[in-house]
Amino acid sequence: MSAGQLDKDLPVPLYHQLKTVLMEQLKHGQWKPNEQMPTEDELGIQFGVSKATVRQALRDLAQAGLVRREQGRGTFVTEHKVQFGPRHLTSFTEEMRDFGLQSESRVLSQAVEVATGDLANQLRLSQGAKVFRLYRLRLAGGEPMGLQTVFIPCDLAPGLFEVDFGTASLYETLERKHGLVPDHAAQTHYAVILNREEAGLLDVAEGSPALAGERLTFTRSGRPFEVTRSLMRGDRYQIQLRLVRSGSRSGHLTQG
């Protein structure tokens with residue numbers, strides 16, 4: 001990089017030019033994830049711009065989730081985010097495998113409980129019917145990625161309580177033992193702030209942003225058999241959508 005990459009005669013603000021150059025460098029691996037970038041002073045000298053210009057460029061990069069600013073320490077490259085976009089309905093294990101990451105699950109709790117309210121309605125169960133609840137910490141490459149709670153009707157899949165889901169895949173177990181194969185799903189996403197307990201489990205600061213979601217999964221016959229409520233780290237996940245005009249076909253957005 002050199003100061004010659006910025007053109008002060010262009011109508012484009014210098015901070016925006018600098019941000020664009022740095023984004024390209026980040027994209028091509030100029031710095032590795034969690035590596036510290038040059039200081040504001042060093043970047044200012046390198047590009048021949050003021051410290052305020054550098055600060056604005058870095059602030060925009062931080063808002064885009066490409067870097068993180070740590071007071072008193074400097075600017076660091078963030079971990080690459082796992083992107084979710086239109087594709088097939090898969091499990092978390094399969095998703096991470098596609099990204100070349102070794103997935104792990106740490107079971108925080110599992111129990112058989114009574115379905116009431118919205119949960120019973122979503123699964124088309126009578127109020128008071130029994131469901132299996134599985135609450136897990138999901139990891140990839142040894143790093144906490146998210147918290148997921150799954151609810152399965154006990155009448156569709158008896159005996160799940162005895163399975164060790166720290167090592168077993170839920171979807172593989174449902175298909176192999178109970179013939180339940182996910183065919184399609186309805187999913188919603190929304191932004192939340194992590195509380196102390198959630199942040200501690202995900203190894204981030206309390207109050208950090210997270211991507212929450214709820215998915216209702218159906219068999220081919222249209223029977224709902226799973227409700228999954230997810231809480232994924234905002235610094236590691238992002239959603240990428242393919243938008244089309246009305247009347248055109250588009251893919252489904254899903255999350256394992």
Side-chain angles (χ1 to χ4, degrees), residues 82-116 118-126 128-189 211-232 236-237 239-240 249-256:
V82 176
Q83 289 188 340
F84 289 97
R87 63 195 188 289
H88 298 292
L89 178 62
T90 55
S91 68
F92 178 84
T93 302
E94 294 168 323
E95 293 282 5
M96 295 304 103
R97 186 184 301 140
D98 289 343
F99 285 101
L101 297 172
Q102 179 66 40
S103 66
E104 301 174 64
S105 292
R106 187 175 303 159
V107 176
L108 301 177
S109 66
Q110 62 182 63
V112 174
E113 59 185 41
V114 170
T116 59
D118 289 341
L119 180 62
N121 293 333
Q122 286 176 300
L123 292 172
R124 299 178 192 169
L125 300 172
S126 60
K130 292 183 178 180
V131 294
F132 171 70
R133 177 181 56 79
L134 177 64
Y135 180 39
R136 292 176 291 178
L137 173 65
R138 312 309 298 267
L139 304 97
E143 181 179 11
M145 298 288 278
L147 297 165
Q148 288 187 328
T149 306
V150 178
F151 300 90
I152 306 285
C154 288
D155 66 332
L156 288 181
L160 290 178
F161 184 79
E162 285 76 28
V163 178
D164 178 11
F165 287 107
T167 56
S169 166
L170 177 62
Y171 273 14
E172 290 176 1
T173 300
L174 290 174
E175 181 175 1
R176 186 178 68 255
K177 291 188 174 182
H178 305 286
L180 293 173
V181 180
D183 180 77
H184 59 282
Q187 183 154 324
T188 58
H189 294 277
L211 181 64
E214 182 167 285
R215 184 174 73 187
L216 178 60
T217 308
F218 299 82
T219 63
R220 180 169 294 182
S221 66
R223 169 73 192 265
F225 75 90
E226 175 201 40
V227 169
T228 300
R229 295 169 183 168
S230 303
L231 196 60
M232 315 307 288
R236 296 305 314 275
Y237 278 70
I239 297 175
Q240 187 179 60
R249 293 187 65 187
S250 63
H252 296 287
L253 174 65
T254 59
Q255 178 178 316

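Taking all atoms of both residues into account, the shortest heavy-atom contact from Pro153 to Val131 is CA-CG1, 4.1 Å. For the pair Ser230 and Gln148, the tightest heavy-atom approach, listed with the atom from each and the gap, is OG-NE2, 3.1 Å. Heavy-atom minimum distance, Gly128 versus Val114: CA-CG1, 3.2 Å. Here the closest heavy-atom approach between residue Leu231 and residue Ala212 is recorded as CD1-CB, 3.9 Å. Nearest heavy-atom pair across Thr219 and Ser221 is OG1-OG, 2.9 Å.
Summarising the geometry, atom OG belonging to Ser126 is positioned 12.0 Å from atom NZ belonging to Lys130; distances are rounded to the nearest 0.5 Å. Rounded to the nearest 0.5 Å, atoms OG1 (Thr173) and CZ (Phe165) are 4.5 Å apart. How far CG of Leu156 is from CZ of Phe225: 9.0 Å, rounded to the nearest 0.5 Å. A distance of 13.0 Å separates CZ of Arg215 from CD of Gln122, quoted to the nearest 0.5 Å. Residue Glu172 holds its CD atom at 8.5 Å from CD of Glu175, rounded to the nearest 0.5 Å. Once rounded to the nearest 0.5 Å, the distance linking CD of Glu104 with CD of Glu143 reads 11.5 Å.
Leu139 places a side-chain heavy atom less than 4.5 Å from the side chain of Arg106. The shortest distance between side-chain heavy atoms of Leu108 and Leu137 falls below 4.5 Å. In this structure the side chain of Cys154 reaches within 4.5 angstrom of the side chain of Val112, judged on heavy atoms. At least one side-chain heavy atom of Thr149 sits under 4.5 Å from a side-chain heavy atom of Arg133. No side-chain heavy atom of Leu216 sits less than 4.5 Å from a side-chain heavy atom of Phe151.
In summary, the side chains of Arg138 and Ser105 do present a donor paired with an acceptor at a separation below 3.5 Å, with no hydrogens or angles considered. Side-chain contact, Glu226 with Thr228: a donor N or O sits under 3.5 Å from an acceptor N or O. Between the side chains of Thr188 and Glu214, no donor N or O sits under 3.5 Å from an acceptor N or O.
By the salt bridge (charged side-chain N to carboxylate O under 4.0 Å, His left out) test, Asp155 pairs with Arg223, sequence neighbours left out. The salt bridge (charged side-chain N to carboxylate O under 4.0 Å, His left out) check on Arg136 picks up nothing, with sequence neighbours excluded.
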Exercise. Val227 and Leu119: side chain to side chain contact (heavy atoms under 4.5 Å, CB included), yes or no, with the steps?
Worked result: CA-CA 8 Å; Val227 169; Leu119 180 62; 4.0 Å; yes
Problem set entry | Test log, rule side chain to side chain contact (heavy atoms under 4.5 Å, CB included), inputs Val150 and Leu170 | CA-CA 9 Å; Val150 178; Leu170 177 62; 3.6 Å; yes
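By the 30° and 60° cut-offs, the orientation of the rings of His184 relative to Phe218 is parallel.
Residue Ile152 forms a side-chain contact (heavy atoms from CB on, under 4.5 Å) with just one option from Leu134, Leu123, Leu160, and that option is Leu160.
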